[in-house]
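Written below as C-alpha cells is the structure these notes are about.
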Amino acid sequence: MRSALRTHTCGALRRADVGSRVSLCGWVASRRDQGGVAFVDLRDRHGVTQVTFSGDRDASLLEKASALRPEWCVRVTGVVGPRPAGAVNATLPTGEVEVGAEALEVLSECPVPPFWPTDRTEAGLDLRLEYRFIDLRRPKMTRTLVERAQIVSTVRRHLEAQGFLEVETPLLTRSTPEGSRDFVVPSRLHPGSFYALPQSPQLFKQLLMVSGFDRYYQIARCLRDEDSRADRQPEFSQVDIEGSFLAEEDVYGLIEPLLRTLVQRYRGHDLPDPLPRMRYDEAMARFGSDKPDLRNPLELVDVSREAAALGFRVFSDAVAAGGVVNALRLPGGAALPRKDVDGWEAEAKAVGAKGLAWAKWGAEGLAGPLAKVLAGDPGRALLAAAGVREGDLVLFGAGPFALVKKVLGHLRKPCGERLGVVDRNRTAALWVTDFPLVEWNEDEKRWDACHHPFTSPREEDWAVLEQDPGAVRARAYDLVVDGYEAGGGSIRIHRPDRQQRMFSLLGMSPDDVQRRFGWFVDALRFGAPPHGGIALGVDRLVMLLLGEEAIQEVIAFPKTAQARCLLTRAPAPLDEKQLRDASIAVVAPPPKQG
RNA sequence: GGGGGCGUAGCUCAGUUGGUUAGAGCGCCGGCCUGUCAAGCCGGAGGUCACGGGUUCGAGUCCCGCCGCUCCCGCCA
C-alpha cells in the first residue's frame, strides 16, 4: 500500500512500528482540540489512526491543525509513538499507537457534507444515494464492498479451479420479445433499428456450448426494464454458468461446495451436505411459495375436506368451486393481541384475499370470528387436521388454490417473526426442483414458459408435451436461500426439432420462430452438445451472506425503487442533436427536470 | 397500473381538538481548554413545515392535486 505520498495506510500501524517515521494520507474523521494539544482521527478505507499535534513541540503546526475540518483530505508525516498508559483505545486496531505530527499537508478541503460518513449516521436513503461518494466512506459501506469483492473472487477461483473459462458476451444485442421488458438502444448507423441490452446472456452462453467451450462462466450484468423491489434492481449481476455434457447432479455438485464455503465464512456455520431438495409442488403446498424460507417453521395445511363438512358457506363454497381451504397454525399464538391479527388481515387483503378467517384456542376455549362455526364435532375434526392445540392461533384462507397459497404463504413471514420462531442466525438453503414447464396464461389464452423456452422437459415428458402441457415437468432448479431465489437454471433443449416443438407449444408459428430465434435454432443444428447451467444472483447472494435486507446496500451505485440514479439524475432527456443522431422523435411529454 | 408508510432547521425527529413568535438532540459558526477518542464547557446563527391549490377569521395540522423516497401486488421468459 506504500506509494509516493504515503508509507502506510491508516489501518496498518501497530506497537511494533513505534519509532518509525511515517506518512499517512486520509480523511479527517474527527478533530478533538484540547487547546495545547489536538487529536485528529485520520481515516482511509483500511482504518483509523490517531494523529497528535502538540503546541509544545510546534505551535504553528498546532495552529494549522486547528483549522482542519472533518472530511478534508490530508497528508501527515510524523513519528509513531506509543500512547501513554490510560490513553490506549482498545476499540481500534491501531489504538496502541499514535502519530506525532511533524508536517501537515492539506490535499483537499471539503465543505460541510449533508451527513457525516460514520456508521452511526441517521441519513435517509435518498440523501445517501444522492451523495453516495460520501456514504461509501462509511466503514460499513467500505466493508460491504470489500466483502462483495472477496465473495466474487471466491466464486471466480472456485469456478476456474473446476475448469470454467470466463468469456464475455455482448451488451448490445437483439431484443427477444418473450420474457421481461427490454431496455432498448437506438442505432445511429441503422435509423429505426434498435439493440436491446441483455436480460441475461442466455442464448450466447448456449452458443458457446455449441462452439465447444464446455465450461463457461461470466460475472454478467443483466438489465430488465421491470419494477424494482428490495431484492430487485433494473440492473444487476449474475454469476452465469453453463456446461456441456452435464446433468442436474453436476450443477448441484458444482454449486453446493461453493455455497458451503461462503456460508461458512460469512455466516459462520455449516450447511447440510447434500443440500435438501424439494419439489415445486411440495413447496407450494407446504409453504405457499416456490422459494420457501425454511428458517420459518410455520406451514400451510390443506383442510379442504374437513372445511367443506363444516356447514360454513365461505369454506364450503370455496371447495365446491374447485378451490381449497388452508390453515396456518401459529403455535402459542392465542396470546397475541387482536391488533396483530388485524394487521395480518389487512396484509392478506393487500395481496388479494377477501378477508382472513381465524380462531384462537385459549384457556377459555375457542374465540374469534370462527369460534362458533368450529364449536361442534366437524370443527374439532378440522382443528385436529390442522394440528391446532390449546394456546394456538389459526388463520384460514379459502378460495382458488393459487390465491390461498399466495395469501397464507405471504403471511408466514410476519407471523413467524411475530412469534419469534425464525432463526436469523442460520442460513437455510435448498434446491427447488420439478417446476412445471409451462403455465396457462389466461389473458393471452396460451401457454407461457415458467422458466424460459430453452428449458428442457424431463425426457419422458416429451411424449405428452402437446397432449398435457400443464403436467409436464421441467429440468429446472432454483437455489433458494432464506426465502430468496439466489439462483436458478436448467438443462437446456439442445435439439433443433425439439426447440421448434417447444416454441410451437408456446404459440409461435414456424415463421415467428424463424424471425425471432431463427439464428439460435439454426445454430443448434450444427452439432449442439447436451448442456445446461445456472445463474446465481450476485447482489442477492452478497446481501444474504452479509445479512442485509436490500440489495441497494450491497451495490456501490444503486438505483431507487423508481429506477432513478439520484447521484447522476439518470434517466434524463437527451438534447436535440443526440435525438437527431439516433433518429428518435420523442412523443411523450418531456419529463420534469430533477 | 394499484395499495400501504414517510416528507417540519444541514441530519434525525417532536409538534395536542386548527389558535400568539414552530421546538429538541446532533451537526455548524465563535470563544475557552495540554491526553482526547460520540471530547467537554460557554455563546451564537440556522425554517419555502416537499410543492401547488382549496376550506377557514386563522392551516405544519383539515380537503384535493402533485413530486420524491420506501414496502408490497401486478410485472420480473
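Quick note: numbers below take in every heavy atom, side chains included, and nothing from hydrogens, waters or symmetry partners. Each chain gets a letter, A, B and so on, in the order its sequence line appears, and its residues count up from 1. All figures in this text were calculated on a predicted structure; none of them were measured in a lab.
- When distances are taken from the side chain of Pro70(A) to each of A38(B), C11(B), C28(B), the shortest belongs to C28(B).
- Each of U36(B), A77(B), C28(B) was ranked by its minimum atom distance to the side chain of Arg224(A); first place goes to A77(B).
- Here the nucleotide nearest the side chain of Gln50(A), chosen from C37(B), G10(B), G1(B), is C37(B).
- Distance noted for atom C1' between U16(B) and A59(B): 15 Å (whole Å).
- The listed nucleotides are A77(B), C69(B), C72(B); the one nearest the side chain of Arg229(A) is C72(B).
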- [ ] Would you sort out whether Glu235(A) and Arg224(A) count as a side chain to side chain contact (heavy atoms under 4.5 Å, CB included), showing the intermediate values?
- [x] CA-CA 7 Å; Glu235(A) 180 174 5; Arg224(A) 298 180 187 175; over 6 Å; no
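- Arg569(A) has a carboxylate O that lies under 4.0 Å from a charged side-chain N of Glu130(A), or vice versa, which qualifies the two as a salt bridge.
- Look at Arg69(A) and you'll find a side-chain N or O under 4.0 angstrom from OP1 or OP2 of C29(B).
- If you check U36(B), A77(B), C69(B) against the side chain of Asp126(A), the one that comes closest is C69(B).
- Nearest heavy atoms, Gly533(A) versus Tyr477(A): O-OH, 2.8 Å.
- Considering only the side chain of Asp227(A), C75(B) comes nearest among A77(B), C37(B), C75(B).
- Look at the P atom in both G68(B) and C42(B): the space between them is 45 Å, to the nearest Å.
- Both distances falling under 3.5 Å, in either a Watson-Crick or a G-U wobble arrangement, place G65(B) opposite C51(B).
- Between the P atoms of G44(B) and C57(B), the separation comes to 41 Å (whole Å).
- Regarding contacts with the backbone of U70(B), a side-chain N or O of Gln552(A) is found under 4.0 angstrom from either OP1 or OP2.
- No side-chain donor-acceptor contact under 3.5 Å links Ser228(A) and Gln233(A).
- Relative to the side chain of Arg232(A), the nucleotides C76(B), G35(B), A77(B) differ in distance, and C76(B) lies closest.
- When the P atom is used for both A24(B) and G31(B), the distance is 24 Å, rounded to whole Å.
- Residues Thr49(A) and Glu98(A) have side chains that never bring a donor and an acceptor to within less than 3.5 angstrom of each other.
- Closest approach to the Gln34(A) side chain among A39(B), C28(B), C76(B) is made by A39(B) (side chain taken as heavy atoms from C-beta onward).
- A donor-acceptor contact under 3.5 Å is not formed by the side chain of Glu226(A) with the base of G74(B).
- With centres under 5.5 Å and a plane angle under 30° as the test, the ring of Phe115(A) is not stacked against the base of C11(B).
- Counting only heavy atoms from C-beta on, Arg32(A) has its side chain closest to C37(B) among C37(B), G35(B), G74(B).
- Straight-line distance between the P atoms of U55(B) and C63(B): roughly 15 Å, to the nearest whole Å.
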